[in-house]
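Below: the structure, in structure tokens.
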Protein chains: 2
Amino acid sequence: MSSTDARALLREASLRVTEPRVAVVEALEGHPHGSADELYSAVARVLPTTSKQAVYNVLHDLADHGLARRIEPGDHPARYELRVGDNHHHVVCRGCGVIADVDCVVGHAPCLTPSVDHGFAVVEAEVVFWGLCQACTRAREATPEPSPAI
Amino acid sequence: MSSTDARALLREASLRVTEPRVAVVEALEGHPHGSADELYSAVARVLPTTSKQAVYNVLHDLADHGLARRIEPGDHPARYELRVGDNHHHVVCRGCGVIADVDCVVGHAPCLTPSVDHGFAVVEAEVVFWGLCQACTRAREATPEPSPAI
DNA sequence: CCCCTTCTTTTGATTGATTCAAATGATGGC
DNA sequence: GCCATCATTTGAATCAATCAAAAGAAGGGG
């Protein structure tokens, strides 16, 4: 089913349907918060001749046409998701950068209006929860801190 | 006054008091959301022999010891601020990356608890408001879009 | 069904913030 | 004032991401 959907999605956005684009959309379906690198690896399995630059191009195109959303968590490489249009938020792991969706926050609406805007034309509110994923939490417990400073 | 304060601040954090560190702290007082580059320029005016690496080192040290906070807005270079301990938020300009503080959000507390945590140990909630600062808003109005796609 | 214009992809170089590493220099407790 | 320890300088390296030019496909018009 997926290949057909990906092609339809691209056509509806008036983007030319090319193999790299189809492959990237399908990679995103399998990696809902994939980095460019991860998606490149996934695409390479299906279409080994694809260049990483093509993956960057496609991701940029998808984002520009509203088919994908780019997430830029701190100093981790950017990640992409197909889930657009519902402004949900994310939990990001400080250890490995892995991301999970947060569908809603308690009392969501009221907190997304800044009380002071300093002359800014505010367009969007972004909420990021930082923490440690299960794997990184276990890794820290296994490896005690080198030695606390003071 | 500032130089004395900076020295006291460093000493209280059990950081050695050095000229580059004092200069960076003072630069931060004058540039409350400065990037490493901006702070380096400011420091250079006072202490021209300081290397950019030293500025990076100092900023890292300040952040590690809780004297400064690092802000990493999307694909803009990181910025630093001395204001720590009160978890306030920021408005970031999509155009130039300039940052302003947002002291509080309406109904703040309730929105900082994710409803689902996916096994994450959530430590911190970060809220970023994206928009355009006055200067960038004016610039966009002056320069109409190149020509809509489609 | 084929051509031609336009848009994509490939390739390889480049940018830019940030970090690493080794050698030199300064800080401050004793 | 000495000296071990920590900072700074210098120069190279990393890594994600972007730029640019040439070669290659997509798909609408004939």
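Throughout, a chain's letter reflects where its sequence line sits, starting with A, and its residues are numbered from 1. Computed from heavy atoms alone, side chains included, the values below leave out hydrogens, waters and symmetry copies.
- Both B/R79 and B/R11 lie near DNA chain C, and the one whose nearest nucleotide falls closer to the 5' end is B/R79.
- For the pair B/E19 and B/R7, the salt-bridge criterion is met [side-chain N within less than 4.0 Å of a carboxylate O].
- Once rounded to the nearest 0.5 Å, the distance linking CZ of B/R70 with CG of B/L62 reads 12.5 Å.
- Across all strands shown, A/D61 has no heavy atoms under 4.0 Å from either base or sugar-phosphate atoms.
- An OP1 or OP2 oxygen of C/dT9 is reached within less than 4.0 angstrom by no side-chain nitrogen or oxygen of A/T50.
- Taking 4.0 Å as the cut-off between side-chain N and carboxylate O, B/R79 and B/E81 do not count as a salt-bridged pair.
- Set against D/dA7, C/dT8, C/dT10, the side chain of A/L15 has C/dT8 as its closest nucleotide.
- Interatomic distance, CZ of A/R69 versus CG of A/L28, reported as 13.5 Å (0.5 Å rounding).
- Each of B/I71 and B/L39 belongs to its own hydrophobic cluster when Ile, Leu, Val, Met, Phe, Trp and Tyr are linked at side-chain heavy-atom distances under 4.5 angstrom.
- For the pair A/L47 CG and D/dA25 C1', the computed distance is 13 Å after rounding to whole Å.
- Along DNA chain C, the nucleotide closest to B/H60 and the one closest to B/V17 are compared, and the more 5′ of them pairs with B/H60.
- Candidate nucleotides C/dT10, D/dT9, D/dA7 were compared by shortest atom distance to the side chain of A/A54, and C/dT10 ranks first.
- Applying the side-chain contact (heavy atoms from CB on, under 4.5 Å) rule to A/N57 yields the partners A/Q53; only residues at least two apart in sequence or on another chain are considered.
- For B/T18, the side-chain atoms get nearest to D/dA7 when compared with the rest of D/dA7, D/dA16, C/dT19.
- D/dC15 atom P lies 15 Å from atom NE2 of A/H76, rounded to whole Å.
- Distance, B/L62 CG to D/dA7 C1': 13 Å, rounded to whole Å.
- Rotation axes derived from the C1' atoms of the five outermost pairs at either end of the helix from C/dC1-D/dG30 to C/dC30-D/dG1 lie 30° apart, to the nearest 10°.
- Between atom CG of residue B/L67 and atom CG of residue B/L9 there is a gap of 5.0 Å, rounded to the nearest 0.5 Å.
- When distances are taken from the side chain of A/N57 to each of C/dT9, D/dA17, C/dT27, the shortest belongs to C/dT9.
- Under 3.5 Å, the side chain of A/R21 and the base of C/dT8 form no donor-acceptor pair of N or O atoms.
- Look at OH on B/Y56: it is 7 Å from P on C/dA17, rounded to the nearest Å.
- The CD atom of B/E19 sits 7 Å away from the P atom of C/dT27 (whole-angstrom rounding).
- For the pair B/Y40 OH and D/dT10 C1', the interatomic distance rounds to 12 Å; values are reported in whole Å.
- The interatomic distance linking B/K52 (NZ) with C/dC20 (P) rounds to 17 Å, in whole Å.
- Taking only side-chain atoms of A/V58, from C-beta outward, the nucleotide of D/dT8, C/dT9, C/dA17 with the closest atom is C/dT9.
- For the pair B/D75 and B/Q53, nearest-nucleotide mapping onto DNA chain D gives the more 5' position to B/Q53.
- Residue contacts shown for B/T49 are limited to sugar-phosphate atoms, with no base heavy atom under 4.0 Å away.
- Distance CZ (B/R16) to C1' (C/dG25): 11 Å, rounded to an integer number of Å.
- Which of C/dA26, D/dT8, D/dA17 sits closest to the side chain of A/A36 comes down to D/dA17.
- Counting heavy atoms from C-beta on, the side chains of A/L132 and B/V123 never come closer than 4.5 Å.
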